[in-house]
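Taking it in order: structure first as structure tokens, then the write-up.
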Amino acid sequence: MWVARRFLSLLVKRAQYAGPSGLFRGPQHGSLPELELRYLQCTCCWRSRVPVAGFETLNATLSSSSDPCKDDTGRPLDACYTSEQRDAILQLLNTATMSELAGVKLLRGRKSVNIVEYRTKNGPFKTLESVVKVPLLKHKSAVIVFNSILNPVKKERKVRIQLAKFIRPEVDKSWLEDASSIVSIVCGTNKIAWAHVDRGMTVLEWRQKDCHNFLKGTYLASAYLYDVSSVVALLPSADFYIIEKSSISVQNTTLFPVMAHMRTVEAMLFALLEPKISPEDSNIPPRVLNMMRTAVGRHFGLMVGESRTSGAQTVRQLMTESVTQKLPRINFPQDLLVKHRNSFQMGSRRGGEELCDALLQAVAFYELLSESSSPPVAC
């Protein structure tokens with residue numbers, strides 16, 4: 001095949017001197033000649049023919065393929081849409097929440113955050129042209145976003161998250177949605193940690209307490225009760241107490257002592273935190289609930305097979321976003337950030353896994369509850 005390319009190259013060079021009867025025909029006084037539509041015999045396969053296109057056709061094709069939006073990019077964005085379309089686009093961009101913006105094509109992730117931050121700082125968008133001032137939104141991206149707003153792709157979400165998959169026992173969603181705050185509790189082998197978080201996703205309290213009688217010889221009820229009741233006395237008041245339900249299998253005999261320990265602490269927390277209810281108060285919801293540990297792990301992408309990995313890196317990221325973003329996923333008071341900023345470093349011996357898990361469980365509770373309560377939306 002290289003012989004054919006070499007032959008074609010020689011023909012092109014000779015075209016300058018070939019005159020009217022050569023391969024190229026056209027003006028010969030310094031201007032670029034036009035390439036006539038012909039077929040050349042290939043030197044390596046005489047049954048093949050190589051088409052030779054004209055220069056004008058080639059240039060037109062290259063120009064259109066390299067910049068198909070050349071005509072549009074020179075026009076202001078507002079001139080590309082009718083007044084009704086502009087009003088519809090601006091209405092959504094100025095009023096939609098971050099979750100609603102994430103449903104628009106190209107706006108999932110950081111772009112939706114940038115839009116909310118920009119309009120909070122500079123006021124509502126008045127023109128479509130002003131949208132390209134938002135970081136990460138250029139002209140072509142803005143056009144795709146505008147067209148997606150005007151012509152949304154309706155695709156129903158088929159899978160709905162059910163409360164029963166991560167909350168036990170089953171309760172009416174309206175009870176959970178009306179709660180102003182929860183206390184998320186996680187039990188370890190030698191400590192109990194908790195996080196008090198309100199519905200506005202602000203951490204009100206975040207701490208842990210060592211329990212020296214845990215897993216010491218036999219499971220003495222009096223010793224366990226002393227440690228657990230001392231923790232309960234420190235817990236803040238809340239509408240619900242969410243206790244982590246571990247995923248240790250009964251068939252795993254090597255972990256049976258740990259499983260028995262977890263079940264003992266869990267039972268005591270339920271007994272001490274749940275108020276006494278008379279038969280006539282059957283409409284009062286339970287105050288203490290279980291949350292599946294595996295559900296929290298899947299929510300944050302911490303599962304490897306059936307095992308859950310450490311959430312320390314995720315918690316460090318949440319703490320960083322609390323001070324670097326205007327609309328973080330969860331808000332930390334300054335004193336808690338200072339107190340726990342070094343608790344989750346790599347290789348730390350401070351034992352902050354229970355603190356991590358308690359916080360992540362609280363965040364997952366609110367976010368999964370929000371997803372299960374919202375109707376199917378367009379993806």
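Index from 1, following the sequence.
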* Given the rule in the side chain to side chain contact (heavy atoms under 4.5 Å, CB included) test, do Ile243 and Val186 qualify, once you have shown the distances and angles that lead to the verdict? -> CA-CA 6 Å; Ile243 301 176; Val186 171; over 6 Å; no
* **Flag for Tyr81-Asp87: side-chain donor and acceptor within less than 3.5 Å** => no
* **Steps toward side chain to side chain contact (heavy atoms under 4.5 Å, CB included) verdict (Leu336, Met319)** => CA-CA 10 Å; Leu336 289 180; Met319 295 173 72; over 6 Å; no
* Full working for side chain to side chain donor-acceptor pair (under 3.5 Å) between Ser181 and His196 -> CA-CA 7 Å; Ser181 70; His196 186 200; 3.1 Å; yes
* Structure fact -> By side-chain contact (heavy atoms from CB on, under 4.5 Å), Ser229 pairs with (sequence neighbours left out) Leu272
* Structure fact -> With Leu204 as partner, the option from Asp198, Val197, Val183 fulfilling side-chain contact (heavy atoms from CB on, under 4.5 Å) is Asp198
* Can Tyr118 be reached from Leu136 by stepping across I, L, V, M, F, W or Y side chains whose heavy atoms are under 4.5 Å apart? -> no
* Asked: Hey, are Asn331 and Ser322 close enough side-chain-wise for a donor-acceptor pair under 3.5 Å?
  -> no
* Do Ile144 and Val104 sit in the same hydrophobic cluster, where Ile, Leu, Val, Met, Phe, Trp and Tyr count as joined when their side-chain heavy atoms come under 4.5 Å apart? -> yes
* To do: Take Phe146 and Leu92, measure what side chain to side chain contact (heavy atoms under 4.5 Å, CB included) needs, and give me the verdict at the end.
  => CA-CA 10 Å; Phe146 298 160; Leu92 186 138; over 6 Å; no
* **Side chain proximity check, Thr97 to Val116, heavy atoms < 4.5 angstrom** => no
* Asked: Any chance the rings of Trp206 and His340 have centres within less than 6.0 Å?
  -> yes
* To do: Using a cut-off of 6.0 Å, state whether more than 12 heavy atoms not belonging to Lys209 lie near its atom NZ.
  => yes
* Is it true that a side-chain atom of Asn290 and a backbone atom of Arg168 form a donor plus acceptor pair closer than 3.5 Å? -> no
* To do: Run the salt-bridge test on Glu274 and Arg287 with the 4.0 Å N-O cut-off and return the result as yes or no.
  => no
* To do: For Leu107 and Leu101, work out which heavy atoms get closest and say how close.
  => CB-O, 3.1 Å
* Asked: Going through the distances and angles, do Leu289 and Tyr241 end up as a side chain to side chain contact (heavy atoms under 4.5 Å, CB included)?
  -> CA-CA 6 Å; Leu289 303 171; Tyr241 295 90; over 6 Å; no
* So do Glu367 and Ser370 actually touch side chain to side chain, heavy atoms under 4.5 Å? -> no
* Distance in Å, Ile330 CD1 paired with Met201 CE, rounded so as to fall on 0.5 Å steps -> 4.5 Å
* Begin from the C-alpha positions of Gln208 and Trp194 and carry the test side chain to side chain donor-acceptor pair (under 3.5 Å) through to its verdict. => CA-CA 6 Å; Gln208 64 184 10; Trp194 62 92; over 6 Å; no
* Would you mind telling me which of Arg263, Met262, Met268, His261 makes a side-chain contact (heavy atoms from CB on, under 4.5 Å) with Val265? => His261
* **Non-hydrogen atoms of Ile185 and Gln361 that approach each other most closely** => O-NE2, 3.4 Å
* Minimum heavy-atom distance Glu205-Leu234, with the two atoms named -> OE2-O, 4.1 Å
* Under-4.0 Å salt bridge between Arg199 and Glu177 -> no
* Minimal non-hydrogen separation, Met303 against Gly297, with atom names -> CG-C, 3.6 Å
* Asked: Please walk me through it: do Glu117 and Lys326 pass salt bridge (Lys or Arg N to Asp or Glu O under 4.0 Å)?
  -> CA-CA 7 Å; Glu117 290 180 350; Lys326 291 184 178 180; over 6 Å; no
* **Shared hydrophobic cluster, Val132 / Leu128 (ILVMFWY, side-chain heavy atoms < 4.5 Å)** => yes
* Does Gln313 CD have over 12 foreign heavy atoms under 6.0 Å away? -> no
* Going from CG on Asp78 to OG1 on Thr127, what distance comes out if it is rounded to the nearest 0.5 angstrom? -> 5.0 Å
* Asked: Are Phe365 and Phe166 close enough that their ring centers fall under 6.0 Å?
  -> no
* Kindly say whether Asn213 contributes a backbone atom to a donor-acceptor pair with the side chain of Asp227 at under 3.5 angstrom? => yes
* Evaluate the side-chain proximity of Ile149 to Val145: yes if any heavy-atom separation is below 4.5 Å, no if none is. => yes
* Structure fact -> Here the pair of heavy atoms bringing Ala364 nearest to Phe300 is CB-CE1, 3.7 Å
* Shared ILVMFWY cluster between Leu318 and Val323, side chains joined below 4.5 angstrom? -> yes
* Answer yes when Arg308 and Asp357 have at least one side-chain N-carboxylate O distance shorter than 4.0 Å, and no when they do not. => yes
* **Beyond-backbone contact of Thr82 with Glu84, side-chain heavy atoms, under 4.5 angstrom** => yes
* Asked: Hey, are the side chains of Ile182 and Leu176 touching, using non-hydrogen atoms and a 4.5 Å cut-off?
  -> no
* To do: Check whether more than 12 heavy atoms from other residues, nucleotides or ligands sit under 6.0 Å from atom CD of Glu129, and answer yes or no.
  => yes
* Rounded to the nearest 0.5 Å, how far apart are CD1 of Ile167 and CG of Leu369? -> 8.0 Å
* Note, Gln317 side chain near Arg329 side chain (heavy atom, < 4.5 Å) -> no
* To do: Would you check if Pro169 and Pro286 make a side-chain contact, meaning some heavy-atom pair closer than 4.5 Å?
  => yes
* **Any Cys187 side-chain heavy atom under 4.5 Å of Glu266 side chain** => no
* Asked: Quick one: CZ on Phe125 to CG on Asn94, what's the gap to the nearest 0.5 Å?
  -> 6.5 Å
* What are the two closest non-hydrogen atoms of Arg119 and Thr95, and how far apart are they? -> NH1-N, 3.8 Å
* Asked: Could you give the distance from CZ (Arg298) to CZ (Arg293), rounded to the nearest 0.5 Å?
  -> 12.0 Å
* NZ-SG distance between Lys191 and Cys211, expressed to the nearest 0.5 angstrom -> 9.0 Å
